[in-house]
Every structure is written in C-alpha cells, then in structure tokens.
2 protein chains.
Amino acid sequence: MPASKRDQLLATAERLFYEQGFHATGIDRIVAAAGVVRMTLYNHFASKEALVAAVLAARHERFIASLDAATASASPGQVTRALVDAHGNWLERYSQHGCIMAKAMGEFAEHNAEIHALAAAAKTDLLARLEAAVARDGLDHHAGLARRLFVVLEGSNTAVALLGAQTALADTRAVVDTLLATARSETR
Amino acid sequence: MPASKRDQLLATAERLFYEQGFHATGIDRIVAAAGVVRMTLYNHFASKEALVAAVLAARHERFIASLDAATASASPGQVTRALVDAHGNWLERYSQHGCIMAKAMGEFAEHNAEIHALAAAAKTDLLARLEAAVARDGLDHHAGLARRLFVVLEGSNTAVALLGAQTALADTRAVVDTLLATARSETR
DNA sequence: TCCTGTATAGACTGATCTATCTAAATACGG
DNA sequence: CCGTATTTAGATAGATCAGTCTATACAGGA
C-alpha cells in the first residue's frame with residue numbers, strides 16, 4: 001500500500017531537514033519534494049514547528065525501537081556490547097552526516113522549548129539505555145560507566161561524519177572494548 | 001582602547017550565531033546588538049556568509065592557540081594529558097552549549113562549501129594535534145590512539161551540553177585516563 | 001448515488017530576509 | 001585645519017518566508 005500523504009511528508013521533511021537544516025528548509029521545498037500541496041501539510045500539521053517536532057519524535061521512536069530490539073535478544077553479559085553495536089549500525093545507516101537531534105538542539109535551543117526538550121530527551125534516553133545495559137551485565141557498580149560510554153557514543157556520531165563510518169566505528173568499538181575490559185578486570 | 005567596529009561585529013555575531021543558530025539570526029539583530037548600522041557590516045564583510053566564515057575562522061584561531069599554548073609548556077610524557085585538559089578548559093569556558101563548528105556543518109553542509117570546509121578543518125586540526133601529542137609522548141605506535149582520543153573529545157563536547165561541564169569533563173578525563181593507561185601498559 | 005473527508009490549484013497577506021543606494025555626519029591622521 | 005575614510009540614517013529593492021483562504025476535484029463508504 002502506498003504511504004499516506006502524512007507519512008510522505010514526514011519522510012521528506014526528515015530527509016530535507018537533516019541534509020539542509022531546519023531553518024534553511026522552506027515549507028515549499030518540502031511539499032514540492034513530497035509531491036503534495038501546501039494545504040495538505042497544514043491539514044496534517046499545525047505549523048512548521050509542529051512538523052519538526054513530529055519528525056524528531058518519529059525518528060526517535062525508530063531509534064529506540066532499534067536499540068531495544070538489539071538488547072532484548074542479547075546474550076547475558078553481552079547486553080552493553082549489543083547496545084553499542086546497534087548504535088553503530090544506526091549511525092552507519094541513518095546518521096552519516098551528524099546527529100539530527102544535535103542539529104535540532106542547535107537551531108531551536110533559544111527558539112522552541114518543546115523541540116529542544118524533545119531532542120535532548122532523545123539523548124538522555126540513550127544514556128538511560130546504557131545504564132540499563134551495564135546493570136544487566138552486572139557492571140553498574142562502576143559509578144559512571146554508562147556515562148563514560150555515553151560520551152564515547154556521542155563522539156562516535158561526530159566522528160562518523162568526519163572520518164567515515166568504517167574508521168569511526170572501529171575506533172568507537174576499540175574505546176568501548178577498553179572501557180569494558182577495564183571495568184571487568186576491576187570487578188573480580 | 002575600544003574594540004573596532006569590525007571586532008564588535010565579530011564578537012556579537014559569534015555570540016548570536018552560537019546561541020540562536022546561523023540561519024535564525026538575521027543581519028538586523030546582529031547590527032542592533034553590536035550597536036552599529038547595517039552598512040557598517042557590509043563595509044567590513046562582503047555578505048552574511050562571509051561574516052559567518054570570518055567568525056568561524058577567528059574562533060578556530062583562538063581555539064588552536066589555546067591548545068598549542070598548553071602543549072608547548074607541557075612536561076615530557078604529559079603532552080597528551082595537557083592537550084586534553086586544555087580542550088576541556090575550552091569547552092567549559094566557551095562551548096557549554098555544543099560545538100559551533102558542528103552547528104555550522106549542520107546548517108551549511110549542502111549550502112556553502114567554504115563554510116563547511118572551514119568547520120570540518122577545525123575538527124581535523126584537533127585530530128592532528130592529538131596525533132602530534134601522542135607522538136611526543138612516545139605513544140604513536142599505538143595505531144589509532146589519537147583517533148580514539150578524538151572520538152572521546154568530540155563526545156565530550158556534546159556531553160558538556162547535556163550533562164553539564166563538571167560531570168561531562170570528569171567522565172571524559174576518566175575515559176582518556178583509561179585509554180592512556182592501557183596504551184602505556186601495552187608499550188612495555 | 002450521494003455524502004463526507006481529503007487533496008488540489010493558486011491567489012494572497014504580511015512579515016522578514018539579505019543586500020544596495022544615497023546623503024549627511026563624524027572621526028582621525030598628516 | 002584639512003582631507004580622507006568610516007559611520008550613520010533611512011529609504012528601497014527584490015526575494016523568500018510561514019500561513020490562510022476559497023473553490024474545485026476526487027476519493028471511498030453508506
């Protein structure tokens with residue numbers, strides 16, 4: 001079945017916002033690329049900012065679902081690694097040019113509190129997943145291990161954009177391995 | 001002596017671009033905040049994009065000077081740590097709300113090649129400094145150590161914006177310490 | 001077949017944007 | 001003190017922006 005006009009708009013807007021930026025992408029370019037008319041957009045979304053919020057919410061939902069699917073099927077003791085790998089797969093597939101949430105925070109920080117909060121929540125949700133993962137792996141008594149991994153994964157996103165996915169993800173895995181090995185060796 | 005109109009414009013534009021975003025900050029708001037008139041801006045800069053480029057270039061110059069000053073006076077074997085600390089100090093003082101170069105890359109990626117290249121060069125310059133630092137510390141035979149540190153420092157910037165400077169910088173230092181300790185233990 | 005909801009086409013408003021032009025005022029160095 | 005360069009003030013152009021309105025077309029279900 002063909003995607004609904006609403007879904008076409010969400011997908012097109014997500015692509016254009018990501019590639020060109022939010023403020024630099026006009027309504028007219030979105031509707032033209034989606035093959036609909038301007039009133040159709042305003043029939044589904046109250047405003048451009050509402051569209052931005054819907055795009056970010058939908059993308060974040062997919063992101064979290066992808067992470068949760070990976071950790072749900074992870075072997076015991078491998079949950080954190082599975083989460084990190086799933087994060088890397090996401091970057092490789094959908095986030096080769098920087099984090100759209102970071103871009104949104106940069107463009108709407110002092111401009112739209114709802115959008116800013118939505119993007120920031122996407123980040124802290126990843127941190128929460130890391131905390132849950134290290135707990136399931138029995139490493140949560142290492143104070144701040146999840147936060148340290150969070151720093152690495154955030155850097156991974158930028159590094160992918162600058163150095164390419166292959167190099168950046170290999171380096172990311174190397175850092176994560178070192179952190180996990182150190183944590184485990186201090187556990188026994 | 002009072003700052004020149006040009007310097008006032010650069011400083012004001014840097015602040016507004018950083019806080020509000022590049023496209024969301026209009027020329028009129030910059031000149032009003034700088035206390036000059038629109039023609040003064042166009043007398044010093046050919047266009048808004050030229051102003052953006054000048055702002056980024058000036059900021060990058062200060063950033064690199066700050067890093068180089070720290071490594072120049074570092075004790076042998078402590079160059080990498082000095083560089084990381086200088087980077088953290090910069091974040092704490094001037095980059096609490098995300099990296100302006102990353103924001104510029106996001107807003108001008110498909111819009112202005114010169115600005116995008118300028119911002120990307122700022123990032124790779126940091127990587128080059130890391131490579132020089134690990135070399136001076138005798139750790140450059142650890143393939144990719146500088147790149148791994150680069151991933152961490154990039155993540156540090158995002159983490160400062162999300163978790164606050166104190167927490168994020170402590171976590172960053174912890175990760176860097178682990179990486180350096182592991183590299184040194186593998187050296188002997 | 002009719003009815004309701006959705007999409008289309010396009011004109012339109014009012015605001016905002018970057019950039020330019022001109023003429024007068026001001027500052028500053030020789 | 002004079003002359004040059006800078007700054008000011010304000011009008012203006014021309015483009016683009018988000019958002020609204022209306023009338024028409026078309027879809028699918030009762």
Side-chain angles (χ1 to χ4, degrees), chain A residues 1-56 103-104 106-116 118, chain B residues 1-56 103-104 106-116 118:
Chain A
M1 57 181 166
S4 72
K5 303 283 181 184
R6 192 188 136 96
D7 289 344
Q8 287 178 40
L9 280 166
L10 279 174
T12 305
E14 179 176 336
R15 179 174 60 83
L16 291 177
F17 285 152
Y18 185 53
E19 291 172 358
Q20 325 248 357
F22 296 91
H23 286 90
T25 302
I27 291 289
D28 286 344
R29 281 229 294 285
I30 296 171
V31 298
V36 301
V37 105
R38 188 169 36 243
M39 270 310 294
T40 301
L41 188 153
Y42 284 101
N43 191 20
H44 288 290
F45 305 96
S47 64
K48 182 186 180 182
E49 298 197 339
L51 173 63
V52 171
V55 163
L56 296 184
K103 296 186 186 196
E107 290 202 40
F108 293 100
E110 310 228 343
H111 220 257
N112 184 307
E114 182 203 346
I115 293 176
H116 185 265
L118 223 159
Chain B
M1 58 180 164
S4 72
K5 303 282 182 185
R6 192 187 136 95
D7 288 345
Q8 287 177 41
L9 280 166
L10 280 174
T12 305
E14 180 177 333
R15 179 174 59 82
L16 291 177
F17 285 152
Y18 184 54
E19 292 173 357
Q20 326 249 358
F22 296 91
H23 286 91
T25 303
I27 291 289
D28 285 344
R29 280 231 293 286
I30 297 171
V31 298
V36 301
V37 108
R38 189 168 37 242
M39 269 311 293
T40 303
L41 188 153
Y42 285 102
N43 189 19
H44 288 289
F45 305 96
S47 64
K48 181 187 179 179
E49 298 197 339
L51 172 63
V52 171
V55 163
L56 296 184
K103 296 186 186 198
E107 290 202 40
F108 292 100
E110 312 227 340
H111 220 255
N112 185 306
E114 182 203 346
I115 293 176
H116 184 265
L118 223 159

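The figures here come from the full heavy-atom set of this structure, side chains too, leaving out hydrogens, waters and symmetry mates. From a predicted model like this one, the values you see are computed outputs, not experimental measurements.
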Nucleotides 23-26 of chain D: which of its N/O atoms have a protein N/O under 3.5 Å away?
none

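- The ring pair (Phe, Tyr, Trp, His ring centres under 6.0 Å) test applied to A/F108 returns A/F22, A/H23, not counting sequence neighbours.
- With sequence neighbours excluded, no residue forms a salt bridge (charged side-chain N to carboxylate O under 4.0 Å, His left out) with A/E114.
- Between A/N112 atom CG and D/dA18 atom C1' the separation is 15 Å, expressed in whole Å.
- A straight line from CD1 of B/I27 to P of D/dA15 spans 19 Å, rounded to a whole angstrom.
- In terms of heavy-atom proximity, A/A46 sits nearest to A/A50 at N-CB, 4.0 Å.
- Note that the two end axes of the helix from C/dT1-D/dA30 to C/dG30-D/dC1 enclose an angle of 20°, each drawn from 5 base pairs, rounded to 10 degrees.
- For residues 30-42 of chain A, every residue pair satisfying the salt bridge (charged side-chain N to carboxylate O under 4.0 Å, His left out) rule, not counting sequence neighbours, is listed here: A/D28-A/R38.
- The salt bridge (charged side-chain N to carboxylate O under 4.0 Å, His left out) contacts involving residues 40-49 of chain A comprise nothing, where partners must be two or more places apart or lie in separate chains.
- Looking at which nucleotide of DNA chain D each of A/A46 and A/R29 is closest to, the 5′-most match is held by A/R29.
- Reading DNA chain C from its 5' end, the first and the last nucleotide to sit under 4.0 Å from a heavy atom of chain B are C/dT18 to C/dC21.
- D/dT7 atom C1' lies 12 Å from atom CD of B/Q8, rounded to whole Å.
- Of all the residues in residues 31-42 of chain A, A/G35, A/V36, A/V37, A/R38, A/M39, A/T40 reach under 4.0 Å from DNA chain C with at least one non-hydrogen atom.
- Within the 4.0 angstrom heavy-atom criterion, only backbone atoms of the sugar-phosphate kind lie near B/H44; the bases stay farther away.
- For the pair B/F45/B/I27, no side-chain contact is recorded, criterion being any heavy-atom separation below 4.5 Å from C-beta on.
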Determine all donor-acceptor pairs shorter than 3.5 Å in which one atom belongs to a side chain in residues 29-36 of chain A; sequence neighbours excluded.
unit_1, atom_1, unit_2, atom_2, d
A/R29, NH2, A/A24, O, 3.2

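- Among residues two or more places apart in sequence or in another chain, the side-chain hydrogen bond (donor to acceptor under 3.5 Å, both in side chains) test is passed with A/E14 by A/R59, A/R62.
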